[in-house]
Amino acid sequence: MANTGELALIQQIRQRAAHRSGTVRLGIGDDCAVLRPPTGHDILVTTDFSLEGRHFRRDWHPAVSVGHRCLARGLSDLAAMGAKPMAAFLSLALPEGLSKTATGRRWIQGFLAGLMALADATGTPLAGGDTAAAPGEAILADIVLLGSAPRGSELRRSTARPGDSLYVTGALGGASAEFQALAARPQRFRRAIADAAHPHLFPIPRLAAGQRLRRLATAAIDLSDGLSTDLRHLCEESAVGAAVDAAALPIHPLAQASASPLDHALNGGEDYELLFTASPTARVPKQIGGIPITRIGQITRSRGIFLSGNGEDEPLRAAGWEHRI
Ligand SMILES: Nc1ncnc2c1ncn2[C@@H]1O[C@H](COP(=O)(O)OP(=O)(O)O)[C@@H](O)[C@H]1O
Ligand SMILES: Cc1ncc(C[n+]2csc(CCOP(=O)(O)OP(=O)(O)O)c2C)c(N)n1
Ligand SMILES: [Mg+2]
């Protein structure tokens, strides 16, 4: 017998996602979507899980935030490589019977509203996905994003050079500080809406900055795991080291007001800002589209990663997020 829950949900997503786009020749409804990248562009692809209990909790995160964050994580990867979003694909596994309760239906509606609002705001068509009943009680979502960039122009992690300056967009530690506050008193955040005051619940992927940086930066990565860990990824891929000036770090006001501002900024994760390098002679603007750009250090030939403060250098340990598997 047909599972009316699944079909009704797909129908609803299909109606909500209907759009006109030059790159999506065929969207939801057939066995595959058909995409056509702009002439002379490469296609960039990224995929990210949003797993209940790992990336969000239903009793902490409002459903709109879960939907927003699900898409934002993939968009941030596109931003890091300077790509423009082409299409998103959403795979959803929902616990059996979720849509039979009013609370469950509200959760699904909230999730889709959050995801689609960010999709609309960033011009990202939802072009397909998959829906299934989850084998357990946890909600599992996976987002695949495709983006495009002029052939050969994408930013990579592996192309930083000794002597380059090191920069970040925006401010650091806000997401982690807000997450701590959320865990302590989730009821305070029930009605939070998507704006810049919520760096954890509603991070803003730096798409415009990423695209602008294609002509300015030598290398880039987005900050999902935390500066200390993501800087290590960039340095390892580029076979270089780095010296970070602790005093130069742009610490988010929410982290600043916490008990451990520097720890949130270095190791907190989920800021979804961009960390990038540029030649010391490049003219890096003070801001891009209203987002401040801050020089926080430089790339070194010797492979160590150091944090300097009070005239002393100490090794910067990668103490950001790592899944324990
Ligand atoms: N299960 C997997 N199979 C194949 N490639 C993977 C898998 N998990 C991660 N990767 C690849 O490893 C690299 C680093 O992944 P990850 O740390 O998740 O990146 P990010 O932090 O930007 O999401 C990426 O190129 C990603 O595609
Ligand atoms: C319930 C819950 N616990 C912990 C966290 C914190 N957290 C989860 S994943 C993560 C890092 C980023 O996630 P990952 O899956 O590593 O994404 P990727 O680096 O692959 O983009 C952090 C800081 C959270 N967001 N929600
Ligand atoms: Mg990334």
Side-chain angles (χ1 to χ4, degrees), residues 43-63 65-83 85 89 91 114 137-147 149 154-159 168-169 172-186 189 192 198-203 205-207 209-210 213 217 219-238 252 254-255 260 263-276 318-325:
I43 300 176
L44 291 86
V45 187
T46 177
T47 175
D48 278 289
F49 272 135
S50 290
L51 308 178
E52 184 173 5
R54 280 283 167 253
H55 300 96
F56 68 91
R57 280 177 52 156
R58 256 186 279 176
D59 55 346
W60 290 359
H61 297 80
S65 160
V66 181
H68 176 107
R69 287 167 50 78
C70 174
L71 182 62
R73 306 184 55 201
L75 288 173
S76 179
D77 281 329
L78 291 185
M81 296 194 65
F89 294 82
S91 293
E137 289 308 309
I139 293 173
L140 314 171
D142 183 64
I143 194 90
V144 174
L145 274 153
L146 288 92
E154 81 282 351
L155 294 167
R156 301 183 177 198
R157 297 177 176 183
S158 54
T159 41
V168 283
T169 61
L172 304 177
S176 161
E178 186 181 39
F179 179 63
Q180 207 169 53
L182 174 72
R185 293 183 60 192
F189 297 84
H198 294 292
H200 174 80
L201 293 177
F202 299 101
R206 301 305 187 196
L207 286 161
L213 288 172
I221 184 170
D222 68 319
L223 294 173
S224 56
D225 296 331
L227 177 67
S228 67
T229 293
D230 288 319
L231 174 58
R232 185 162 300 268
H233 294 323
L234 185 139
C235 286
E236 280 174 1
E237 292 296 325
S238 293
H252 192 284
L254 290 177
S260 46
D263 188 43
H264 283 299
L266 291 174
N267 309 317
E270 298 187 294
D271 281 321
Y272 297 111
E273 295 294 350
L274 303 182
L275 174 70
F276 66 94
W321 180 270
E322 195 179 340
H323 290 282
R324 286 191 291 269
I325 297 170

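For this chain, numbers begin at 1 and follow the sequence in order. Order of listing sets the numbers, starting from 1, for every ligand and every atom in it.
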What closest approach, in Å, do S76 and P205 show between heavy atoms, and which atom pair accounts for it?
N-CB, 3.8 Å
Taking only heavy atoms of H323, which atoms of ligand 2 are found under 4.0 Å from at least one of them?
14 (P), 15 (O), 16 (O)
Under 4.0 Å, heavy-atom basis, I'd like to know which part of D48 is in contact with ligand 1: side chain, backbone, both or neither.
side chain
Verdict with supporting geometry, E322 and D225, side-chain contact (heavy atoms from CB on, under 4.5 Å)
CA-CA 7 Å; E322 195 179 340; D225 296 331; over 6 Å; no
Please check: side-chain N/O of T169 versus main-chain N/O of L274, any donor-acceptor pairing under 3.5 Å?
yes
Pair F89-L146, side-chain contact (heavy atoms from CB on, under 4.5 Å): steps then yes or no
CA-CA 9 Å; F89 294 82; L146 288 92; 3.4 Å; yes
Y272 side chain near R73 side chain, heavy-atom distance below 4.5 Å:
yes
Which residues satisfy the salt bridge (Lys or Arg N to Asp or Glu O under 4.0 Å) test with R54, sequence neighbours excluded?
none
With sequence neighbours excluded, what pairs up with E236 under the side-chain contact (heavy atoms from CB on, under 4.5 Å) test?
R232
So which heavy atom in the protein is nearest atom 25 (N) of ligand 2, and how far is it from that ligand atom?
E270 OE1, 2.9 Å
Nearest non-hydrogen protein atom to atom 1 (C) of ligand 2, with distance, is R57 CG, 3.6 Å
Quick one: does any side-chain atom of E178 pair with a main-chain N or O of L201 as donor and acceptor, under 3.5 Å?
yes
For atom 3 (N) of ligand 2, closest protein heavy-atom neighbour:
R54 O, 3.3 Å
So, does S238 use its side chain to make a donor-acceptor pair with the main chain of R157 at under 3.5 Å?
yes
Starting from atom 21 (O) of ligand 2, what is the nearest protein heavy atom, named by residue and atom, and what distance separates them?
D48 OD1, 3.3 Å
Look only at the side chain of S228 and the backbone of A319, and say whether a donor-acceptor pair between them is shorter than 3.5 Å.
yes
Sub-4.0 Å protein heavy atom near atom 23 (O) of ligand 1:
yes
Kindly check if the number of other-residue, nucleotide or ligand heavy atoms within 6.0 Å of CZ (R156) is above 12?
no
Part of F49 with heavy atoms under 4.0 Å of ligand 2, whether side chain, backbone, both or neither
neither
Smallest separation among heavy atoms of L145 and L75, with atom names
CD1-N, 3.1 Å
Find all atoms of ligand 1 within a distance of less than 4.0 Å from any non-hydrogen atom belonging to S224, and give their numbers and elements.
21 (O)
Hey, which atoms in ligand 2 end up nearer than 4.0 Å to a heavy atom of G268?
23 (C)
Protein non-hydrogen atom found under 4.0 Å from atom 20 (P) of ligand 1:
yes
Per-atom contacts of ligand 2 with R69, taking only distances under 4.0 Å to non-hydrogen atoms:
25 (N)
Output the list of atoms in ligand 2 that are nearer than 4.0 Å to some heavy atom of D225, sorted by atom number.
11 (C), 12 (C), 16 (O), 19 (O)
Mutual orientation of the aromatic rings belonging to H200 and F179 [parallel < 30°, tilted 30-60°, perpendicular > 60°]
tilted
Anything under 30° is parallel, anything over 60° is perpendicular, the rest tilted; go ahead and classify F202 against H68.
perpendicular
At under 4.0 Å between heavy atoms, which part of D77 makes contact with ligand 1: side chain, backbone, both or neither?
side chain
A student checking ligand 2 against S224 at a 4.0 Å heavy-atom cut-off should list atoms 11 (C), 12 (C), 18 (P), 19 (O), 21 (O)
Indicate, as side chain, backbone, both or neither, the part of H233 found under 4.0 angstrom from ligand 2 when only non-hydrogen atoms are considered.
neither
Restricting to side-chain contact (heavy atoms from CB on, under 4.5 Å), what partner residues turn up for A138, sequence neighbours left out?
E52, L140
Could you tell me whether atom 5 (N) of ligand 1 has at least one protein heavy atom nearer than 4.0 Å?
no
Min side-chain heavy-atom separation H55-D48 under 4.5 Å
no
Under 3.5 Å donor-acceptor, H252 side chain and L254 backbone
yes
E322 heavy atom under 4.0 Å from ligand 1:
no
Near the Mg ion (ligand 3) (protein N/O/S, cut-off 2.8 Å, waters excluded) we have D77 OD1, D222 OD1
Which of the ligand 2 atoms, numbered from 1, are nearer than 4.0 Å to a heavy atom of H200
25 (N)
Is ligand 2 under 4.0 Å from a heavy atom in the side chain of H55, in the backbone, in both, or in neither?
both
Where does R157 meet ligand 1, judged by heavy-atom distances below 4.0 Å: at the side chain, the backbone, both, or neither?
side chain
I need the nearest protein heavy-atom contact for atom 17 (O) of ligand 2: residue, atom name and distance, please.
R73 NH2, 2.5 Å
